[in-house]
Amino acid sequence: MKIIMLGAPGAGKGTQAIRIAERYRIPHVSTGDIFRSNIKGGTELGKKAKDYIDKGQLVPDELTIGMLLDRISQPDCEGGYVLDGFPRTIPQAESLKEALEKRGERIDLALDIEVPDSHIVRRMGGRRACPKCGATYHLEFAPPEKEGLCDRCGSELITRSDDKAETVQGRLDVYHRQTYPLISYYREEGILREIDGTKTPDEVFSALEALLSEV
Ligand code: ADP
Ligand code: ADP
Ligand code: ZN
């Protein structure tokens, strides 16, 4: 099963991708997490990506596409994966399609989690993230069991530097300009499914499971 998660920053892609990955025993591939671990590790890629991420802009396709294609050619991705945060531009989607076609493969579903912009600012403002395993929490909507600690791995939670109020509106603008066109792209491919992301995380997950069970 090869799945793409679509939706605005803060829509709940990561929250749901982690659940899908656990349920279907496939890797959760988050380009944001891969960039953040490169930044932390001080790699060349991390140095190049950092400024874009801090400003809320997209990292250029030249850096992002190769990184993602490398990741999904690893042995653990042979049985499928859930992509979270990729593709974010039409050229990224085209490159992915081409690379898969060469191996006689394709994406099964593109799941669009729909949340109006008016909800997003509150979601990103209260987001706390685990720097180790990538899980996210929310101070109000999804608090961890022990304050400040990740339920899954016990690490100390952080506020992401790009979740500042000043950056959030810019990221939403980037989403509408550069990523939103992917909705029509995957609709035309016949694999788009839309889900109401304003429901609780459990309700959203049930809706996703129902769609996935049809594949
Ligand atoms: P969110 O969960 O809020 O949508 P992510 O963790 O997916 O954010 O991404 C954080 C940042 O990493 C993005 O704002 C962008 O700068 C960069 N990034 C992640 N994925 C991509 C991508 N596919 N193309 C370009 N930049 C990306
Ligand atoms: P994305 O990966 O799309 O940027 P996240 O999964 O990180 O989004 O979720 C953004 C924030 O909203 C997090 O703080 C998360 O705990 C919270 N959240 C996720 N899903 C829901 C939901 N259905 N209702 C309320 N808050 C949610
Ligand atoms: Zn964790």
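Each ligand, and each atom within it, is numbered from 1 in the order the structure gives. Just so you know, residue 1 is the first one in the sequence shown, and it goes up from there.
- For C150 atom SG and C133 atom SG, the angle they make at the Zn ion (ligand 3) is roughly 110°, to 10 degrees.
- Numbered from 1 in the order shown, with element, the atoms of ligand 1 that lie under 4.0 Å from a heavy atom of Q57 read 15 (C), 16 (O).
- Against a heavy-atom cut-off of under 4.0 Å, Q92 is close to the following atoms of ligand 1: 22 (C), 23 (N), 24 (N), 25 (C).
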Contact table, ligand 2 N/O with protein N/O, distance under 3.5 Å:
unit_1, atom_1, unit_2, atom_2, d
ligand 2, 2 (O), G14, N, 2.8
ligand 2, 3 (O), A11, N, 3.3
ligand 2, 3 (O), G12, N, 3.0
ligand 2, 3 (O), K13, N, 2.8
ligand 2, 3 (O), K13, NZ, 2.8
ligand 2, 4 (O), G10, N, 2.8
ligand 2, 4 (O), R127, NH1, 2.9
ligand 2, 6 (O), G14, N, 3.4
ligand 2, 6 (O), T15, N, 2.8
ligand 2, 6 (O), T15, OG1, 2.6
ligand 2, 7 (O), R127, NH1, 2.7
ligand 2, 7 (O), T136, OG1, 3.2
ligand 2, 8 (O), G12, N, 3.1
ligand 2, 14 (O), Y137, O, 2.7
ligand 2, 16 (O), Y137, O, 3.4
ligand 2, 16 (O), H138, N, 3.4
ligand 2, 23 (N), K199, O, 2.8
ligand 2, 23 (N), P201, N, 3.3
ligand 2, 24 (N), R123, NH2, 3.3

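- Taking the six-membered ring where the residue is Trp, F141 and H138 present parallel rings, their angle staying beneath 30° rather than reaching 60°.
- S95 and E98 share no side-chain donor-acceptor pair at under 3.5 Å.
- Salt bridge annotation for E22-R152: present, with a cationic side-chain nitrogen under 4.0 angstrom from a carboxylate oxygen.
- Side-chain contact of T200 with D202: a donor-acceptor pair under 3.5 Å is absent, judged by distance alone.
- Side-chain contact check for R128 and T136: no donor-acceptor pair (N or O, by modelled atom type) lies under 3.5 Å.
- Any N or O atom pair closer than 3.5 Å counts here, and D162 shares no such pair with ligand 1.
- Interface of R36 with ligand 1, defined as ligand atoms under 4.0 Å from a residue heavy atom, comprises 6 (O), 10 (C).
- By the criterion of a heavy-atom distance under 4.0 Å, the side chain of T64, and not its backbone, is placed next to ligand 1.
- Of all atoms in ligand 1, numbered sequentially from 1 with element shown, those under 4.0 Å from a heavy atom of T31 are 19 (C), 20 (N), 21 (C), 23 (N).
- Between K164 and D54 there is no salt bridge, since no side-chain nitrogen of the basic residue lies less than 4.0 Å from a carboxylate oxygen of the acidic one.
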Exercise. Could you walk me through whether D162 and T167 pass the side-chain hydrogen bond (donor to acceptor under 3.5 Å, both in side chains) test, one step at a time?
Key: CA-CA 6 Å; D162 58 339; T167 320; over 6 Å; no

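- When all heavy atoms of A17 and H28 are compared, the closest pair comes out as CB-CD2, 3.5 Å.
- Within 6.0 Å of NZ in K132 there are 12 or fewer heavy atoms belonging to other residues, nucleotides or ligands.
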